[in-house]
Engineer: 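Structure incoming, see below.
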Amino acid sequence: MKIGVLLKQVPSSDEQIKIADPSAGIATGDIKWTINPYDEYAVEEALRLKDAKKASSVVVYTVGGKAVEQRIRDALAMGADGAVRLDDPAFEGSDCLGISRILSAALKADDVSLVMAGKQAIDGDNAQVPMMVAELLDWACVGVVSKLEIGDGSLKAWRASGGGVQDVVEANLPAVITADKGLNEPRYASLRGIMMAKRKKILVKGAADLGLDGATVGAGAAHVVEDAWSLPPARPAGRILEGDNAQRVQELVRALHEEAKII
Amino acid sequence: MGNGILVVAEHDGSNFKKTAYELLAKAKALAGGAPVSALVMGRSDAGDLGEYGAATVYTADGDVFAHYTPGAYVKALQAAVSAADPAVVLAPASAEAKDAFPRLAARLGVGYATEVTELRVDGGAVVGRRPQYGGKAFSDVHVSSSVALFTVRPNSFPAGVATGGSSNVVALSLDLQPGDVKTTVVDSEEPSGDVVDLTEADRIVSGGRAVKSKEGFDTIIRTLAASIGASPGASRAAVDAGYAPHSEQVGQTGKVVNPTLYIACGISGAIQHLAGMRTSKVIVSINKDPEAPIFALTTYGIVGDIFEVCPLLTEAFTAALA
Ligand SMILES: Cc1cc2nc3c(=O)[nH]c(=O)nc-3n(C[C@H](O)[C@H](O)[C@H](O)COP(=O)(O)OP(=O)(O)OC[C@H]3O[C@@H](n4cnc5c(N)ncnc54)[C@H](O)[C@@H]3O)c2cc1C
Ligand SMILES: Nc1ncnc2c1ncn2[C@@H]1O[C@H](COP(=O)(O)O)[C@@H](O)[C@H]1O
């Protein structure tokens, strides 16, 4: 069984975000990039399934430019066997559905039976692509999974449902799983892994290689457009309460009651 | 282009959730007289949704809705969209809707914007605004398809007041085929107690590394939370140390919350924690380090020891609410 891992490069979670042009999104000039943290859990889970002989190979899929190859190498150094980078001028400006059409075309061509993805990418915070991929492939999808068991042609997954409910879900393969924190503890790449990653192959595929009609992806097909970027609205200045503990607590309760009117 | 707004009204088995009333009120304001309808899954009556502005309530009921499956949920959404032909669909950014809406968007070939916190009408279209990068940036979001799908973060809009209308109830027939529902829920574990899910909670009391132990978390944080009917939350440091379960983690790799009141106890305010709670309306921080970054977002701050301040605050809240 071949496992495909969907991987996205995102700004490191401790990066300061700046906006240079409000119509264009964030300024990416000196951003430090990482693998989306949830995708690291996805890579790790795929590798564990391979270690347990439940999978034959683990291949990373990403829609992105040449610069993303560094992140792909990171995943190859963890132990992934190969990677497919999906890149074409026609892909530019895709919305989540466009990205999903590209990914699903690539996955279909490669005979993948399990797709591991992150529950959400911490750049756009969209939480859309994996479920869209599943729909386009007509596969099952279980999202926000914190424990996974793979059987013979089937899976069992523990997921967070609404209202704090923890559901245990069964489905047949092929399927898409999205990883939550807690699924595993991602490994660090070993020195040997880093050396081996240099020799692993990254295939680059475009619309023609996938038999994909360029008009169904990219900016022309996008139904979702974002603009008017800004930093978060400033918060009204706060107040540090004075006095001894008892006085400060009394003042807090009074302020919550009389000023904020919420207690 | 469709007409009017369809709202997904979620319920807990007996009552509609607050989000149903928040979204109906917002839909009514945005629709400007165009029809507002609602979809209810897993029950066959409209409850009081008519009084809050839903002229038509579509229902999809049956055993298949006993537990959430994307197969049944998306099929119901699809049937409601085809019956109501709305220009806009609004749902709460709940675990269920966030799972189902991408599938619905892909099935219909339309655009979907996740977890908006504002909605307005601009040039005849509904435009959303949403946080990205863990709330470190915001953008407008325009959805240009014939139907535009949005999920909305709970507590973004005030719930409406009943104005005394009634609704026309339409039972949808789903005609589920084998293969439509690809997942089966074989077990379901309810949370202990009746604490409101963090993502919907109106009040949250969170504890950080400073609580020092699980007992510390239980006696300091849970007791303070209980005194004002708040849901307990935790920083990642507290979760990683085993003081609280991951389901209570707030932040980039935990839950994103939007309460009216957020009380942070012994939490430094790392950027990944702020990612989960920075839109809280009033933030109270208790921290012994006056330089802690959390104070930059704080409405009311106490520089002090949580082991001394929190028990006093529990007492004061209990007395004030008695
Ligand atoms: C990819 C990634 C994702 C992350 N996701 C999250 C996330 O989802 N949520 C999250 O919270 N963090 C997350 N983090 C971790 C984050 O960077 C911080 O490490 C974490 O938030 C720190 O938790 P803390 O504030 O409880 O602990 P600390 O930073 O150690 O702060 C403890 C605070 O308590 C104060 N204190 C100590 N004793 C007392 C006392 N007796 N009384 C009063 N105050 C006291 C100290 O002054 C200090 O400010 C993530 C990190 C990474 C890299
Ligand atoms: N450009 C991309 N290339 C590969 N995988 C992606 C891409 N965008 C999103 N994904 C996958 O989909 C998940 C959710 O992303 P999103 O829907 O953007 O929040 C990510 O964690 C990745 O696993």
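Residue numbering restarts at 1 for every chain, and letters A, B, ... go by the order of the sequence lines.
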Engineer: Can you confirm if the aromatic rings of B:Tyr73 and B:Tyr68 lie within a centre distance of less than 6.0 Å?
Structural biologist: yes
Engineer: Pick one of side chain, backbone, both or neither for B:Val256, based on which atoms fall under 4.5 Å of a heavy atom in chain A.
Structural biologist: neither
Engineer: Rounded to the nearest 0.5 Å, what separation is found between the NZ atom of A:Lys108 and the CG atom of A:Leu212?
Structural biologist: 10.0 Å
Engineer: Output the distance between atom NZ (A:Lys147) and atom CG (A:Asp180), rounded to the nearest 0.5 Å.
Structural biologist: 15.0 Å
Engineer: Nearest heavy-atom pair of A:Pro130 and A:Val176: which atoms, and what distance?
Structural biologist: O-CG1, 3.8 Å
Engineer: For B:Ile283, which atoms come within 4.5 Å of any heavy atom of chain A: side chain, backbone, both, or neither?
Structural biologist: both
Engineer: Is A:Glu259 atom CD crowded by more than 12 heavy atoms from other residues, nucleotides or ligands, each under 6.0 Å away?
Structural biologist: yes
Engineer: What part of B:Ser247 lies closer than 4.5 angstrom to a heavy atom of chain A: side chain, backbone, both or neither?
Structural biologist: neither
Engineer: Does any heavy atom of chain A fall under 4.5 Å from the side chain of B:Val110, the backbone, both, or neither of them?
Structural biologist: backbone
Engineer: Pick one of side chain, backbone, both or neither for B:Glu200, based on which atoms fall under 4.5 Å of a heavy atom in chain A.
Structural biologist: neither
Engineer: So what's closer than 4.5 Å to chain B heavy atoms on A:Trp158: side chain, backbone, both or neither?
Structural biologist: neither
Engineer: Under 4.5 Å from any heavy atom of chain A, what part of B:Ser280 do you find: side chain, backbone, both or neither?
Structural biologist: backbone
Engineer: Of the backbone (N, CA, C, O) and the side chain (C-beta and beyond), which part of B:Val239 lies under 4.5 Å from a heavy atom of chain A, both, or neither?
Structural biologist: side chain
Engineer: Rounded to the nearest 0.5 Å, what's the gap from NZ on B:Lys18 to CG on B:Asn155? Could you check?
Structural biologist: 3.5 Å
Engineer: Does any heavy atom of chain A fall under 4.5 Å from the side chain of B:Ala320, the backbone, both, or neither of them?
Structural biologist: side chain
Engineer: Side chain, backbone, both or neither: which part of B:Leu313 has a non-hydrogen atom closer than 4.5 Å to chain A?
Structural biologist: both
Engineer: Run through B:Arg130, B:Arg129, B:Lys98 and flag the one making a salt bridge (charged side-chain N to carboxylate O under 4.0 Å, His left out) with B:Glu115.
Structural biologist: B:Lys98
Engineer: Give, as side chain, backbone, both or neither, the part of B:Ser94 having an atom under 4.5 angstrom from any heavy atom of chain A.
Structural biologist: neither
Engineer: With a 4.0 Å cut-off, would you call A:Glu251 and A:Arg254 a salt bridge?
Structural biologist: yes
Engineer: Between B:Phe101 and chain A, which part of the residue has a heavy atom less than 4.5 Å away: side chain, backbone, both or neither?
Structural biologist: neither
Engineer: With a 4.5 Å limit on heavy-atom distance, are the side chains of B:Lys255 and B:Gln249 in contact?
Structural biologist: no
Engineer: Give, as side chain, backbone, both or neither, the part of B:Lys281 having an atom under 4.5 angstrom from any heavy atom of chain A.
Structural biologist: backbone
Engineer: Pick one of side chain, backbone, both or neither for B:Glu10, based on which atoms fall under 4.5 Å of a heavy atom in chain A.
Structural biologist: neither
Engineer: Let me know if B:Asp180 has heavy atoms under 4.5 Å from chain A in its side chain, its backbone, both or neither.
Structural biologist: neither
Engineer: Do A:Lys119 and A:Asp39 sit within salt-bridge range, that is, some charged N less than 4.0 Å from a carboxylate O?
Structural biologist: no
Engineer: So if I take each residue of residues 8-21 of chain A and look for any heavy atom under 4.5 Å from a heavy atom in chain B, which residues do I end up with?
Structural biologist: A:Pro11, A:Ser12, A:Ser13, A:Asp14, A:Glu15, A:Ile17, A:Ile19
Engineer: Surrounding CD of A:Glu258 (heavy atoms of other residues, nucleotides or ligands, distance under 6.0 Å), is the total greater than 12?
Structural biologist: yes
Engineer: Please lay out, stage by stage, how A:Tyr38 and A:Ile122 fare under the test side-chain contact (heavy atoms from CB on, under 4.5 Å).
Structural biologist: CA-CA 8 Å; A:Tyr38 294 109; A:Ile122 65 161; 4.0 Å; yes
